[in-house]
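Chain naming here is simple, since letters A, B, ... match the order of the sequence lines and numbering starts at 1 in each.
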2 protein chains.
Amino acid sequence: MGSSVQEPARGARGRVTLQIIADALGVSTATVSLALRNAPVVAEATRLRVHQAARDLGYTYNRGAAALRTARSDMLAVALSDVALPDHAAILGAVEDTARAAGRTILLGTTAEDLVRQEQVLAMLREFRPDGLLIAPAAGTKAAALYHLVAAGIPVVQVAREVDGLAFDYVGSDETLAACLAVEHLLALGHRRIGMIGGAEGVSSHRDRRRAFCEALQRAGVPVDCGWLLDGYGSRETGIAGMGRLLALKEAPTAVVCVDDLTAIGAMIGLARADLRPGRDLSVVGCGDAPEAVAFEPQLSTVRAHHAAIGRRAAEVLMRRIAEPEAPPERHVIPPELVVRASCARLERIAA
Amino acid sequence: MGSSVQEPARGARGRVTLQIIADALGVSTATVSLALRNAPVVAEATRLRVHQAARDLGYTYNRGAAALRTARSDMLAVALSDVALPDHAAILGAVEDTARAAGRTILLGTTAEDLVRQEQVLAMLREFRPDGLLIAPAAGTKAAALYHLVAAGIPVVQVAREVDGLAFDYVGSDETLAACLAVEHLLALGHRRIGMIGGAEGVSSHRDRRRAFCEALQRAGVPVDCGWLLDGYGSRETGIAGMGRLLALKEAPTAVVCVDDLTAIGAMIGLARADLRPGRDLSVVGCGDAPEAVAFEPQLSTVRAHHAAIGRRAAEVLMRRIAEPEAPPERHVIPPELVVRASCARLERIAA
DNA sequence: CTGAAAGCGCTAACAG
DNA sequence: CTGTTAGCGCTTTCAG
């Protein structure tokens, strides 16, 4: 009962394949394949005929089939905790951009900062045989979880965070510099009682910021009060709670640096709840430069990480690594910059 | 020079395949395939042996190969303008979540709201043979651009925006209700001079909000002043500029609804630049409920769209559509809700 | 410059 | 319950 007339020929699944084009033209699939990829070996005339026929018949290349044959899928897997985190979203956007420009597509997986989910996601992504993996490891990720992948032949580059004891490529912001910029800004404003809110032990970037924060203070000969170091995963809640605790102290700091902008905004909200105002009653500096940073009133002074540059670079490094698996691992640390806005004030102007 | 000893056997590419497992166990690949997928037809004993061997040998399933055979890739393509837009990020996160839970992965493409780039992205995504496509069409997308895809056999569901003249599945927020909620809130506060900032002609959701905005005013018998309807793509800049223009009018509105929260925040910034304050000198209501909405001071009253629900539903609809290509198209319109915060005030309290 | 043939890793009939 | 066989759509020697 099927129609059997002048319909253009089709493959078993009703799709146009190389074979169909080859038949239509009376050439071999090999020739069609070569011609479509513009291999210099085919005659210009046939090349044109093939391209024309492909267009006429409505051919679409099947990368899956090619991948099976060549063991290259042209897919880059990206695993991160949450696309809604402003930092990760910005990085992801840049990664997709540069991957696409290179003819590759992104396979996305999110881990929700959960180790077992991360394990599942990675296992799943692997089954699709991406050419490489870009990952912002979930908090607490152990080296084995990733080593595993390279052992299986899939190159991994870490972005934004790194697992220690792992000599893999890494692209991220210079967290040490970030903390120094923040601290030096506050120091320059005359602050000496400086606290820090936020920082999760399992996240390398947090750890680095925290460490550099302490070191910068020590270098300046300013004592670090442990009661002013409040940890917690970066979030608005962490900031609100942290500021609450700080303000309850008999001797509160006059300035705080926050592990990220979400936390900083939380801290400012916490301040507002105590009827205090950032940039007048207490100085707050963030880290990252999320979109919220300018939206808040007063606008948040922060250390801007160049997410787009990081994402772009990470994609580039991964593609290079795919091309050259044996090259020595690279570390790319992009310097952030201080953005002074309105959330800090000179110590003298602050009511101690 | 290669090692040729007790290394477990490997395929041509040094990978463990069904064949390797089959050989190791002295069974056929068919049995292994069936066993790994827990087909009830295989004996429990062999099922176990196969699973064990697979684990021992370090087997990983090759979905690409399976896809070639079955014509199902287990990939869902997602195309949207920009992952950094808060609405899109939230939707994407939910989509990834529900896709993953169903054993599928996301293939991501971004269009930057550019029609030719969108065309390229769609062409590229197609080559990977995703089982379906979820798209927030770029502004100005014509029906043909998408019709094309379904004709090629890949189911499409539109999310957040829709192209008109296209009887495809659609999942989005109820834009009409959104605009009504915003307008009625302002009306209830006593406002009669109400403007609207933002709205791009090519974006269905914007168009719908705009239209419903006007209708809601007319229904209330409140005249709509065209000079108070300012279009523009949703962004902070649009909001700032729009508010600037409104304030320059001889007779400015006492309240504005903005096409989205980014624009609303822009509008509030514009107000601040004129030394005015939202919720005191003028009422502002947004649309979407972006994270920035609570960060801003005063916090933005807005109409919350349930992005997570929209993303989840969209993924579900797509998967259902894949299973049943011929079912009639569905429209899912998720009702938003008004979130009253601090950016609006009663007319009486506003200096006209 | 073009064709024939083999095979990537998997699944789906169909026999046994 | 298990094995045989035949491909999915492409690329790649290797001959001609």
Side-chain angles (χ1 to χ4, degrees), chain A residues 9-50 53-54 57-75 126-129 131 152-153, chain B residues 9-50 53-54 57-75 126-129 131 152-153:
Chain A
R10 304 248 143 180
R13 285 168 181 160
R15 317 192 133 284
V16 181
T17 67
L18 289 191
Q19 189 62 250
I20 304 300
I21 302 180
D23 290 351
L25 258 42
V27 299
S28 73
T29 60
T31 304
V32 177
S33 174
L34 260 3
L36 286 179
R37 284 175 296 153
N38 298 316
V41 60
V42 320
E44 181 64 6
T46 41
R47 200 180 68 80
L48 261 29
R49 284 173 58 221
V50 168
L57 296 172
Y59 172 73
T60 39
Y61 184 56
N62 185 330
R63 295 208 192 211
L68 183 57
R69 180 62 234 244
T70 60
R72 282 181 87 257
S73 65
D74 287 346
M75 299 191 292
R126 260 178 54 168
E127 298 187 341
F128 287 92
R129 298 280 192 280
D131 292 335
Chain B
R10 304 250 142 177
R13 283 166 182 162
R15 318 190 132 287
V16 180
T17 68
L18 289 191
Q19 189 61 251
I20 304 299
I21 302 181
D23 290 352
L25 256 43
V27 299
S28 74
T29 59
T31 304
V32 177
S33 175
L34 261 2
L36 286 179
R37 282 174 298 153
N38 298 315
V41 60
V42 320
E44 181 64 5
T46 41
R47 201 181 67 79
L48 261 30
R49 284 172 58 221
V50 169
L57 295 172
Y59 172 74
T60 38
Y61 184 56
N62 185 332
R63 296 209 191 209
L68 183 57
R69 182 61 235 243
T70 60
R72 281 181 86 257
S73 66
D74 287 346
M75 298 192 292
R126 261 177 53 167
E127 298 187 340
F128 287 92
R129 298 281 192 278
D131 292 334

Q: Tell me, do B/Arg49 and B/Thr46 make a side-chain contact under 4.5 Å, heavy atoms counted?
A: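 SC-SC contact between B/Arg49 and B/Thr46 confirmed.
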
Q: Can you list the residues that meet the side chain to side chain donor-acceptor pair (under 3.5 Å) rule with A/Arg72, with sequence neighbours excluded?
A: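 Checked A/Arg72 against side chain to side chain donor-acceptor pair (under 3.5 Å); matches are A/Asp74.
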
Q: Using a cut-off of 4.0 Å on non-hydrogen atoms, how would the nucleic acid contact of A/Val42 be classed: base, sugar-phosphate, or nothing?
A: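 Answer is sugar-phosphate: A/Val42 comes under 4.0 Å of backbone atoms only.
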
Q: Kindly write out the residues that satisfy side chain to side chain contact (heavy atoms under 4.5 Å, CB included) with B/Ala66, not counting sequence neighbours, or none if the list is empty.
A: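 Once residues adjacent in sequence are excluded, the partners of B/Ala66 under the side chain to side chain contact (heavy atoms under 4.5 Å, CB included) criterion are B/Tyr61.
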
Q: Nucleotide range of DNA chain D contacted by chain A, 5' to 3', under 4.0 Å to a heavy atom?
A: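 Going 5' to 3' along DNA chain D, contacts run D/dC8 to D/dT12.
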
Q: What bend angle does the helix from C/dC1-D/dG16 to C/dG16-D/dC1 show across its length, from five-pair end axes and to the nearest 10 degrees?
A: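 Inter-axis angle at the termini of the helix from C/dC1-D/dG16 to C/dG16-D/dC1: 40°.
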
Q: Between B/Leu25 and B/Val32, does a side chain to side chain contact (heavy atoms under 4.5 Å, CB included) hold up when you go through it step by step?
A: CA-CA 9 Å; B/Leu25 256 43; B/Val32 177; 5.5 Å; no

Q: Using 0.5 Å steps for rounding, measure from the CD atom of A/Glu127 to the CG atom of B/Asn62.
A: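 Atom-to-atom, A/Glu127:CD and B/Asn62:CG are 9.0 Å apart.
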
Q: Below 4.0 angstrom from OP1 or OP2 of C/dT2, is there any side-chain N or O of A/Thr31?
A: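 Answer no for this pair, as no side-chain N or O of A/Thr31 is under 4.0 Å from OP1 or OP2.
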
Q: According to side chain to side chain donor-acceptor pair (under 3.5 Å), does anything in residues 12-29 of chain A pair up with another residue at least two apart or in another chain? List the pairs.
A: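 Passing the test, one end in residues 12-29 of chain A: A/Ser28-A/Thr31.
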
Q: Can any side-chain N or O of B/Arg69 pair as donor or acceptor with the backbone N or O of B/Ala65 at less than 3.5 Å?
A: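 It does not hold such a pair.
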
Q: Side chains of A/Val41 and A/Leu34: does their closest heavy-atom pair fall under 4.5 Å?
A: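 When only atoms from C-beta onward are counted, A/Leu34 and A/Val41 do touch, with a gap below 4.5 Å.
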
Q: One character per nucleotide, please: for nucleotides 6-16 of chain C, 5' to 3', B when the base has a protein heavy atom closer than 4.0 Å, S when only the sugar-phosphate does, - otherwise.
A: BBBBBBB----

Q: Looking at every non-hydrogen atom in both residues, tell me the closest pair between A/Met75 and B/Phe128 and how far apart they are.
A: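 That closest heavy-atom pairing would be CG-CE2, 3.4 Å.
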
Q: Are any of the side-chain heavy atoms of B/Leu18 and B/Leu36 separated by less than 4.5 Å?
A: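 Result yes, sub-4.5 Å side-chain heavy-atom pair found.
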
